[in-house]
Structure formats: structure tokens, C-alpha cells
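Here the structure comes first, spelled out in C-alpha cells, and everything after it is commentary.
Nothing fancy with the numbering, it's 1 onward along the sequence. The shown structure was predicted, so the numbers you read here are calculated from the model rather than taken from an experiment.
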Amino acid sequence: MNRSGNGRLTLRELKLGELISAMQQADEEDDINKVLRYFSYEHFYVIYCKFWELDTDHDFFIDRENLIRYGNHALTYRIVDRIFSQAPRKFAGDVEGKMGYEDFVYFMLSEEDKSSEPSLEYWFKCIDLDGNGVLTPNEMQFFYEEQLHRMECLALEPVLFEDILCQIIDMIAPEREDCITLQDLKGSKLSGNVFNILFNLNKFMAFETRDPFLIRQEREDPTLTEWDRFAHREYIRLSMEEDVEDASNGSADVWDESLEAPF
């Protein structure tokens with residue numbers, strides 16, 4: 001909601017957002033898990049577990065090498081470098097070369113739901129290397145080069161940048177064909193796929209193959225965001241893993257506090 005990024009909500013931002021209605025819903029709803037906007041325990045649990053998993057030394061900070069493991073090594077080094085250069089957003093913490101929990105929350109919400117405006121702004125700033133407010137073919141190619149290299153290493157059929165650029169122009173239909181503006185991206189429902197093409201190989205491949213189950217799931221409940229769907233899938237997976245771990249540890253009466261994440 002805080003579009004200016006200064007950490008304070010103006011009256012206009014508050015009126016444009018859904019915070020008040022979400023607070024009313026949280027007050028009236030007996031089951032907090034049904035409140036997906038802002039107050040979802042399920043969402044918190046997924047974010048915190050992801051952070052805890054990457055923060056291997058548990059100092060509550062994540063460095064470049066930690067983040068590169070996110071999503072089964074889905075992201076390129078070049079985009080991770082841009083995140084740590086604080087191009088999309090200045091880190092809240094003051095530890096050199098490390099992001100804290102608040103920074104990770106912002107990153108994860110942007111990564112898992114690239115359809116939201118804050119997410120589009122986040123990734124646009126990453127790709128806009130010279131900060132002039134437009135994405136040029138050269139800038140997009142800079143990030144795609146690493147994707148191309150990864151495809152070759154994995155023996156996948158590489159897709160040349162010239163073909164990718166045509167695909168991106170067709171998806172976004174920008175006002176000018178020689179560059180893409182943030183406004184162009186906000187006007188297209190396919191903008192998130194552009195960023196996946198440029199720096200997330202796993203999601204790029206998923207987009208190319210298009211899982212019919214996920215497409216059907218989206219049609220069945222169009223009110224859910226990409227983030228809602230992702231968080232729900234991950235919550236189920238994490239819960240199942242926890243059940244298996246509890247069973248393998250034997251009796252619930254025996255508890256090793258060293259294994260417990262400090263939520």
C-alpha cells in the first residue's frame with residue numbers, strides 16, 4: 001500500500017488500499033486462516049519457513065549465496081546481484097551484503113506474485129540498469145544471456161534472444177517497439193512472464209509447458225492471487241514434511257529444542 005516506500009501510509013494510500021476492510025474481516029471472522037489479506041498465519045508460516053531454510057547460520061540475515069538457493073536455484077546470479085545492489089529497494093538493515101527478514105518478505109512477495117504493481121515496480125528497477133525509466137533490448141539481453149547459458153548447461157533446447165524479444169513484444173504490446181516502460185507492463189496481464197523469461201529458469205520452463213492443472217485451478221477461483229495459490233501449496237507441503245519429521249522422531253514426548261525455529 002505504501003507506494004512511496006517511505007514506511008508511512010498517507011490518507012490517500014489508506015483509502016486506496018484494502019487494509020480497513022481486511023481489519024474488519026479479521027475482527028468478524030472466527031477462523032483467521034480464512035483472512036488472506038495481511039493477517040494470514042498460513043502466509044506468515046510459509047515466508048518464515050523459507051527464510052529460516054535459507055538462513056543456514058540462523059543469524060537472521062541472508063547473503064547472496066543463501067538467496068541463490070531460493071526456489072531450487074531458480075534465479076540467476078545477475079538478478080540476485082541487482083537485488084543486493086539494492087536497486088529495487090533499499091535494505092532495512094545496515095549489515096553490508098546481507099538482507100534481513102523485512103527485505104526478504106518484500107522480495108518473496110514480489111517473486112511469487114509478479115502480477116501485482118509493487119512487484120512489477122520491484123523487478124522493473126532491477127532490469128532498468130541505467131535507471132532511465134525504460135527497458136531496452138540490450139538490458140533485457142544482459143539478463144537473458146545467463147538464462148541461455150543455463151539452458152545449454154542443462155542440455156535444454158536454447159531459445160535465441162531474438163525470438164524471445166519478439167515473444168516479449170507480442171505479450172506486452174508496448175507503445176514503442178524499441179523499449180518497454182513500466183506503464184506498458186502495468187497494462188498487460190502477461191507482464192510477470194517477461195521477468196520469469198529473463199531471470200527465473202524454472203518458471204520460464206513452466207510457462208513454456210503450461211501445466212493444465214494450474215490453468216484449471218486459476219479458472220476455478222480467479223479471486224485468488226498467484227501469491228495466495230503459491231502460499232497454500234507451500235503450506236500443505238511444509239505441513240506434510242513436518243508430520244513426517246515428527247513421525248520419524250518417534251514419541252512427541254521427546255522434544256529437541258534445538259530443532260525448533262523460533263517463531
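Closest approach of M140 and I168 over heavy atoms only: SD-CD1, 4.2 Å. Shortest non-hydrogen contact noted between N202 and A74 is ND2-CB, 3.4 Å. Y235 approaches V46 most closely through the heavy-atom pair N-CG2, 3.6 Å. D184 and I172 get closest at one heavy-atom pair: O-CG2, 3.7 Å. K90 and D103 make their closest contact through O-OD1, 4.2 Å (heavy atoms, listed as atom of the first residue, atom of the second, distance). Of all heavy-atom pairs between E226 and E112, the closest is CB-O, 3.7 Å.
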F61 vs Y101, ring-ring contact (aromatic ring centres under 6.0 Å, His included): CA-CA, chis, key distance, verdict: CA-CA 7 Å; F61 285 103; Y101 181 70; over 10 Å; no
F39 and F44: CA distance, side-chain angles, deciding distance, ring-ring contact (aromatic ring centres under 6.0 Å, His included) verdict: CA-CA 8 Å; F39 302 105; F44 155 73; over 10 Å; no
Which side-chain N or O atoms in residues 15-28 pair as donor and acceptor under 3.5 Å with protein atoms at least two apart or in another chain?
| unit_1 | atom_1 | unit_2 | atom_2 | d |
| --- | --- | --- | --- | --- |
| S21 | OG | E18 | O | 3.0 |
| S21 | OG | R37 | NH1 | 3.0 |
| Q25 | OE1 | R37 | NH2 | 3.1 |

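Salt bridge annotation for E234-K50: present, with a cationic side-chain nitrogen under 4.0 angstrom from a carboxylate oxygen. E117 and K186 are joined by a salt bridge, as a carboxylate oxygen and a charged side-chain nitrogen come within less than 4.0 angstrom of each other. Salt bridge annotation for R237-E241: present, with a cationic side-chain nitrogen under 4.0 angstrom from a carboxylate oxygen. The pair E13-R8 fails the salt-bridge criterion, with no side-chain N (NZ, NE, NH1 or NH2) lying under 4.0 Å from an Asp/Glu carboxylate O. In summary, K98 and D59 engage in a salt bridge, as defined by a charged side-chain N under 4.0 Å from a carboxylate O.
Between the side chain of E139 and the main chain of D128, no donor-acceptor pair closer than 3.5 Å is present. A side-chain donor-acceptor contact under 3.5 Å links D228 to the backbone of T225. For N2 (side chain) and L9 (main-chain N/O), no donor-acceptor pair under 3.5 Å exists by modelled atom type. Looking only at distances, no side-chain donor or acceptor of N193 sits under 3.5 Å from a matching main-chain atom of I197. Looking at R89, its side chain never comes within 3.5 Å of a backbone N or O of Y106 through a donor-acceptor pair. Judged by distance alone, the side chain of D55 and the main-chain N or O of F60 form a donor-acceptor pair under 3.5 Å.
Counting heavy atoms from C-beta on, the side chains of I83 and M99 come closer than 4.5 Å.
Checked against F199 for a ring-ring contact (aromatic ring centres under 6.0 Å, His included), the options W123, F143, Y144 give a single hit: W123.
Counting only N and O atoms by type, the side chains of S115 and D113 include a donor and acceptor under 3.5 Å apart. Judged purely by distance below 3.5 Å, without hydrogens or angles, the side chains of N200 and E111 pair a donor atom with an acceptor atom.
Other residues, nucleotides and ligands place no more than 12 heavy atoms under 6.0 Å from the CG atom of D94.
Two rings, from F107 and Y70, have their centers less than 6.0 Å apart.
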